Each structure stands twice: as structure tokens, then as C-alpha cells.
Amino acid sequence: MLFASFQRERDTIWRMDSRYDHSQTEAKIYQLWAKSGAFAPAKTRGKGQKPFTIIMPPPNANDPLHVGHAMFVTIEDILIRFHRMLGDDALWLPGTDHAGIETQFVFEKKLKKEGKSRFDFDRETLYQMIGDYVQENSGVALDQMKKLGASADWSRFVFTLDKKAVDEALKTLLKLHQDGLLYRDEQLVNYCTHCGTAFSNLEVEHEQRPAGFYKIKYGPFVIATARPETKFRDTALAVNPKDKRYKKHIGQTLEVLGLLGPTKMTVIADEHVDPEFGTGIMKVTPAHDPHDFELGKKHHLPVTPIITLQGRMDFSWFLNDPANDPENPVNKNLSSQAKALKTKYWQRAQKYHGLKVKQMHEEMREDLMKDGLLVDYNPNYTNTIAVCYRCQNPIEPLPLPQFFIKVKPLVEPVLQNLKNKKFRVYGAGYDKTLKHWLKNLNDWNISRQIVWGIRMPAWYSTKTNPDLLVTFLNQAGQKTSGQISELLKTHSIKTINQGLQELRAPLKAEYVLSTDSPGAEYLQETDTLDTWFSSSQWPFTTLKSLSKEDFKRFYPTQVMETAYDILVFWVMRMLFMGQYATGQLPFTDIYLHGLIRDAKGQKMSKSKGNVVNPLTVAEKYGADALRMALVIRSTAGLDKAVGEQDFRAGRNLTNKIWNASRFILGHLDKNQTGEKKLNQQFAKKLSQTIQTITQNLNQFQIGLAADTVYNQFWHWYCDECIELGKANKLGGQQLLTGLRVFLKLMHPFVPFVTEAVWQVLRQHDLTVEPTLIGASWPTDSLAQ
RNA sequence: GGACUCGUAGCUCAGUUGGUUAGAGCGUCCGGUUUACAUCCGGAAGGUCAGAGGUUCGAGCCCUCUCGAGUCCACCA
């Protein structure tokens, strides 16, 4: 039985059991690394040292790790350890993301359980509460990454809402503003009435959903629609200019009888209308349909919303019009028949007002039938609708003034750089996907109606914008809302600002963009920036927030490693934002890993109950086993099925490494010299293996490198060479050299067990390098 | 409708610029334990590399088509 102790580690006795027990080693090894100072690069870059920087994709600050995180930790740790051993100036910069919407919604759920909602608090208080909540949970993910062996430089940790990082991100916003690339506009935004915020186009999913399909009598026509509730605010009818059936109506203004009486509608012609679909005639609702909105712009139609931000029907436009009120004096001279009609419409509007869309459909169906306007109703029609990526509720396209970034000028240089191969994308065809996206990207809506995030630094003067709509909690905690000019008569601006919940500025409102308040009479926009706005700048805001020197030394970075499913959300945006803000691409190599699926290749989901918790696996089989299982034979861009048997195989490898080392150590004293020819062959093959693994890793063939080193170690070194050693055909020193080489080659993949063995070697003075994490990568000379 | 990807052993997947008898893990069968490891060792079965055609001295890999599976995008009201 062999005994060993850590060099200079007091009282830590290492017993080489016949089984490798990860639970006895991993925590100690991690501490050893931390103490050795290996995580951080040296104070200054050494002569001739190449930079190697990876900015970690920041996990959500309040989320525990899932298996996807384990994948990025493993791959990035492999790369960083490899380059650290190569002698590069290696930095792996960790951080966490505030994840605006995700986090706020988790917090709101918590509030709901306590019987509260976000509307019970002013935005400052709410922000503080969420901040405290995130603070409480933020250590979890970091500790878990350490358990997986992440050799990141924790001294350079950055959080997306750190003041310095925020300042850097806002500098870019001001630059965009100055360059005329930031604008405020009222467009149809993707509004989720359930989540209470707008989303960018990328955050909207399209789904086939059953929806009722209506054919409704519309004056002389019949129109087909799945959204009958918006017809009250239709502003035109559209037909294809080539459609013979309707040609004669083009340009006509017709009276159309609807559920609330007659309205006037002009028939316009547009190529966009498909004569084959439905009845070939389309109602135009610019306020609630993206295409109708475009059409409305083209034909100068008014934008008249009927659905509120809360997702309820708004008939105030009807109810506020005295002409519609049968009891109003303006209607006193009506005939009794006319009055009865007015009363019917008036009562309907009252009934409709405030209904949710779904209820509205039911009411309408009944009323349409009563009035004989419903030509056909198909309840089994399936339609592609936009749904919220978070809550899966339908997205309402609503007109709302928001801030947008013009992307075309930002994207151009990136496309050029892609064409000129200034950066590479590793991952099945995703370079093509990226190209396609860059070419077809729409302007980026960066406004979000939530508080957890970077507040838009836009300021509205209450003097020049008397029509700002403001909601705030007064000193007694009561909610008050109204136009600012009215509110200021009874409240001080200070009170309003302190209790401010929400500010809505009309599109024409003037604003000043500034990180500081331009004056006492200004109120700041209450919207926050899209989380991706700050993360798109992450590669340089992190480094800049640390120090000028760090930015200079580590930017641009080398590798961006993340899952392919956030290519367009994050990677693409980092490319164009980095290029724009710094004049340089933020990285040169993009490695996209696939998604981890369960053993049967099915997607992991909570509802299926097949979710693998990486920490549970790490506890059972060891972090090394988990890492190996995730990465071995994985391919960039392709999904990987991983299950219990893979973890077991990984665990078996760690045991194999442990026992092979145990054997070598126990047999060195026998001083075998071996046969010269076999020794030479051994040396040659060892060199070849080094070359292969090195080349694999340099070419980002990580799964192949893992597979190769696994097989070479197990089936060549152990099965063949050690057996030759037993027969005294291969020299003991040769085998020891081989062991050291393999420990080094395997270290990036299975860092704990290799380091544990290394420490035993060190104890026996069988290596001069004190730690494996700080050791040099083997070259094909055999002087290891 | 557009784009991308995949189809290799029973299952999950590798296969590095086209180059000897196509590999691994798990599973199956046979054998093995006097001391590195049964979390092991030796051996075996199992593949017309989806199909067809083409380029080539040579194709799992390159090209074309067909079939099958999946992902992403897309304005059919």
C-alpha cells in the first residue's frame, strides 16, 4: 500500500486506495489550484507569450447550474487549461448576468405567493428588492462551477449590473445616439400582455395553434379573419390590384354595417393581398397587425388601437363619443327606432369594454349571428401565431413608442469580416446561419417595460412635455396616475420621482440622452434596456470595467464558446456591437456546442422528468467523470445524448488513471530497462500521440481529442505498454515518462484525478513541476 | 415557402486535408482473478457506412438526385 502526502500541505495524508475516490480529492485539489495562483494570468504578459482569452458566457445570477452550463464549463476549461499549459497568457474571465426579464419574472412569482405584485411598489424599491434577491442566490452558480473544476480567474469576476460595466455599456448607447443609430419610434412592438413588456423579434416564437376562423359580412363583401375583435378599428379594406372581382371597388369609400353600427371604409389596392386566400379581400388594422401596420404607413392610414397593454378590449373611443350615447342630449331628436338601435350598439360597446380577447370572440360570435353578419365560422382552423418565448401566451402587436437600434450599418462590417474569414465559426453549418441572419436582421427594439435592468438614460423635461403620462405611488403609498402637467399642480416633482412606477412619453416627446440627470425638472424613462444590449458588449465591457490595462492586454479575445441556440441572440450581436464600439471584432474563433439530451436522445425538460442535474452526477461519479461524459466524441454544433452509462464510463476512466499510476509507482524500484527496440517504438508512438492531441485541440476538435487520448491511454498505454513492462520488455523509466505525458494530455479533460496523481508523483520526487495545472504541455521531445 | 443539419455495429455516437483489415462507450456471447484496476483483462459475434448515380488509381468523407429524421427562419389576413 502506498502512502503519499501533499507537498507542503500539512497533515494531508494521501492513501492510494485500489479505488479512486473523487469525493476525497476534488475539493482539496481545487483549493490547491486556487492557492497556487494558477487561475489568474501573471501580472504582466511574458516575453513572447501569446494572449488567450475566453470571456465566459455569464449564467443568470440567480439560477443554479444545469447540464448546459456544465457543458460550457467543461469545454472552456479544457481550452483554457490547454493554453495555460502551452504557456499562453491565458485568461478565463467569469461573470454573471442579471437576466432582466427572466429574473424579474421569477421574483414576481415569489411576490405573487406573498399576495403582492410589482404594482405595489415604486420602481426604485422593486429594483432594490430584486437586487437583494439576486444577491442571496448569486453564489450558487459560482460554487457549482468551481465544483466542476472551472479554472477561471475569479479575481476578475464581473456582474452585468456592476456600475463600471453599466457605464461602459451606456457609453455605447450614447455613441449610437450621436451616430444617429438610436431612434425612438412608434412601431408595432411584440407585446406580451401577460408578461407586461415588449420583446424583440428574436424573442417571439411562431406556433401552429387552433384558432376560430370567421367569415364576416362586410358591406358588399365577405372578409375572412382570425382576429375579428380588431375589426372595430379597421381603417381600410385591401384587395389585390389584379383581382378582377374587386377591381371596380378600388378607391371607393363604402358604408359597412358592423356590430356597432355603420362605418365608412375605403378600398385600397395592394400587391401584398393574396387573391387566393380567404375571400381575397382583407381588412386592414394597422394598430394590431404588423403587415397592416406597414400597409397603413404606405397608404397613410391612422393607427387606432383597440387592445390595451393589459390585453383587454378598449372601447373608450366609442363610449367617449357623445354621438354614440343614446341618452346624450345631442341624440334627443332621434326617432324611437333610431334610438333603439343606438341603445343596442351602446350597450354592446359597454359589454365589450374591458373584455379579454378570448371572451370577446365569444360575445362577438353571438352578436354576429344575431345580426346575420356571420357567414361562416370554422372552429378548427389552425393558424401560425406569434407567442411569447417565456410564457407561451399570444403576442399582441401593439403600437408603442420604443427605442430602436439601426442594425444595417452595424452589420455591414461584420458581414465583410465573415467573408474575409477574419473569424471562424465551429459548428455544423452555423456560419451560414449567421450570414443569413446578418443579412436579414431587422432593427432592434431595446426597450423593456421592466425594472430589473439598466434603466434607459433618456430624460424628459416636464416643462416642455406637459403630456407625459405618469404613474407613481404618493407618500401615503397610493397609486396616482395622470398627465404630468396636472399632477404637478398637487405634487412636487420630487415626490413623483421618488414614487415613480411608470412613465409613458408620447412619441413626439423631446428627450435628452444622458447618464446623469440634466436638471431638476426632468424625469427619467422608466423602461430598461434589453438584457442582450449589455451582454452584446460583454467581451469589452468586462475588460474595460476592470482596467484599461486589461482591455489592452486581453482584447480582442480569442474564443467565444457557447451553445448554438443563442447564436443570434448573443453571438451575432456581440460581433456587431463589439466591432462598432471598439473597432475590432470581439473574438476570432466561435465554438458552438450542441445541446445535451438524455440517454435516449430526447430533449431534457422538467415535464418529462429527464433533466440531469450536473451537480448530482458530479457528486456520484466525480466532476471528471461528468466532464468526460459530456465532451467525449462531442461535435461542435451537434446535440449529444448523455446518460448514466456515460457517466459510469467516465468514472471508470478516472479509476483506470488512478490504478495505472499506482502500478507504475509500485514497480519503479524494479528498475526494468526493457528492450531497446520496444523502447524506441514506445517513444515514437508517444510523440505521435502528443502531436495528435495537440493538433486536435488546436483545431477545436475537442470531442475527438478526448476520444483519442482516452483510447491511447487505456488501450495502448495500459493494455499494451504496462503489460510489456510487466514482462520486463519495456523500461520503467519509459513508462514513468509515458505516465507524466498522459497525465498532462488528459489534464484538461479530467483535471482532478490527474492532479491528484501528479501530487503523488511530486511527493515521490518524480516530477519537478509542483502542480499539473501549472505544468507545461508536452512536446514531442521526450524530456518530460 | 426558404435555410441548415443529420442518416455509420442492438443503442448513443466518433471517424481530423479522400489513402491499408471502418472505431469507442454501453449492451450480447465465451473465457480469465497468486497481488494496478471485476469501476478489470483476453477473445467473439454484430456494419452492402440510408439508397442510386457520378468524380477519382482510390469515397464513410467530394458532386448530383431520391428517401427518411430533426432544427431554425418565414407576412398567408
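So that the names make sense, note that chain A is the first sequence line, chain B the second, and so on, each numbered from 1. All of these numbers come straight from a predicted model, not from anything done at the bench.
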- [ ] Determine, stepwise, if the pair A/Tyr246 / A/Phe221 fulfils ring pair (Phe, Tyr, Trp, His ring centres under 6.0 Å).
- [x] CA-CA 9 Å; A/Tyr246 304 116; A/Phe221 312 116; 5.6 Å; yes

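- Between A/Arg227 and A/Asp289, no side-chain nitrogen of the basic residue sits less than 4.0 Å from a carboxylate oxygen of the acidic one, so the salt-bridge criterion is not met.
- Distance, A/Asn190 CG to B/C73 P: 13 Å, rounded to whole Å.
- A salt bridge does not link A/Glu644 to A/Arg651: none of the charged nitrogens lies less than 4.0 Å from a carboxylate oxygen.
- Within the structure, a side-chain polar atom (N or O) of A/Arg19 is placed less than 4.0 Å from OP1 or OP2 of B/U39.
- Under 4.0 angstrom from either OP1 or OP2 of B/C41 there lies at least one side-chain N or O belonging to A/Lys656.
- Atom CG of A/Asp565 is separated from atom OH of A/Tyr430 by 8.5 Å, given to the nearest 0.5 angstrom.
- On the C1' atoms, B/G46 is 13 Å away from B/U8, given to the nearest whole Å.
- B/C61 and B/U56 have their P atoms separated by 16 Å, with the value rounded to a whole Å.
- Distance noted for atom C1' between B/C13 and B/A38: 26 Å (whole Å).
- Separation of the A/Tyr389 and A/Phe199 ring centroids falls under the 6.0 Å cut-off.
- Nucleotide B/C62: paired with B/G54 (Watson-Crick or G-U wobble, both distances less than 3.5 Å).
- Separating the NE2 atom in A/His288 from the CD atom in A/Glu229 is a distance of 8.5 Å, to the nearest 0.5 Å.
- Nucleotides of RNA chain B nearest to A/Glu205 and A/Tyr20 differ in position, and the one nearer the 5' end is that of A/Tyr20.
- Remark: B/A3 base-pairs with B/U71; criterion is Watson-Crick or G-U wobble with both hydrogen-bond distances under 3.5 Å.
- Spacing between B/U17 and B/A9 at atom C1', rounded to whole Å, works out to 27 Å.
- Relative to the side chain of A/Trp437, the nucleotides B/C37, B/C73, B/G25 differ in distance, and B/C73 lies closest.
- When rounded to the nearest whole Å, the span between CG of A/Leu653 and P of B/C26 equals 11 Å.
- At a threshold of 4.0 angstrom between heavy atoms, the contacts of A/Val273 include nucleobase atoms, whether or not backbone atoms are also involved.
- Under the Watson-Crick or G-U wobble criterion, with both distances below 3.5 Å, B/G42 is paired with B/C30.
- Heavy atoms of A/Tyr381 sit under 4.0 angstrom from primed sugar atoms or phosphate atoms, though from no base atom.
- The separation between A/Lys726 atom NZ and B/C41 atom P is 10 Å, rounded to whole Å.
- With rounding to whole Å, A/Glu723 atom CD is found 14 Å from B/C40 atom P.
- A cation-pi contact, defined as under 6.0 Å to the ring centre and within 45° of the axis, links A/Lys726 to A/Phe663.
- For B/C49, there is no paired nucleotide, since no Watson-Crick or G-U wobble pair has both relevant distances below 3.5 Å.
- B/G15 and B/C49: their C1' atoms are spaced 11 Å apart (whole Å).
- Here B/U39 presents its P atom at 8 Å from CZ of A/Arg651, a figure rounded to the nearest Å.
- Here B/A24 sits opposite B/U12 as a Watson-Crick or G-U wobble pair (both hydrogen-bonding atom distances under 3.5 Å).
- Taking atom P in both B/U66 and B/C4, one finds a spacing of 15 Å when rounded to whole Å.
- Spacing between B/G18 and B/G60 at atom P, rounded to whole Å, works out to 13 Å.
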Task: Heavy-atom protein contacts under 4.0 Å, nucleotides 1-14 of chain B, coded B base, S sugar-phosphate only, - none - done: ---SS------SSS

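- Between A/Asn711 and B/G23 there is no side-chain N or O to OP1 or OP2 distance below 4.0 Å.
- Taking atom NE2 of residue A/His291 and atom P of nucleotide B/C76, one finds them 7 Å apart after rounding to whole Å.
- Nucleotides B/G7 and B/A50 place their P atoms 7 Å apart, quoted to the nearest Å.
- The aromatic ring centres of A/Phe404 and A/Trp444 sit 6.0 Å or more apart.
- Regarding A/Asn655, its CG atom lies at a distance of 11 Å from the P atom of B/C41, rounded to whole Å.
- Across all strands shown, B/G18 forms no Watson-Crick or G-U wobble pair with both distances under 3.5 Å.
- Nucleic acid contact class of A/Asp719 (heavy atoms, under 4.0 Å, all strands): sugar-phosphate only.
- The residue A/Glu644 sits apart from the nucleic acid: no heavy atom pair falls under 4.0 Å.
- With A/Tyr621 as the aromatic partner, A/Arg648 does not meet the cation-pi criteria of under 6.0 angstrom to the ring centre and within 45 degrees of the ring axis.
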Open item on the list: Please determine whether side-chain hydrogen bond (donor to acceptor under 3.5 Å, both in side chains) holds for the pair A/Tyr426 and A/Asp431, giving the CA-CA distance in whole Å, both sets of side-chain angles, and the decisive distance to 0.1 Å.
Closed with: CA-CA 8 Å; A/Tyr426 296 87; A/Asp431 51 335; over 6 Å; no

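- The OH atom of A/Tyr591 sits 13 Å away from the C1' atom of B/U16 (whole-angstrom rounding).
- Sequence order on RNA chain B of the closest nucleotides to A/Thr692 and A/Ala226 puts A/Thr692 first from the 5' end.
- In this structure, A/Trp714 reaches the B/C41 phosphate: one of its side-chain N or O atoms is under 4.0 Å from OP1 or OP2.
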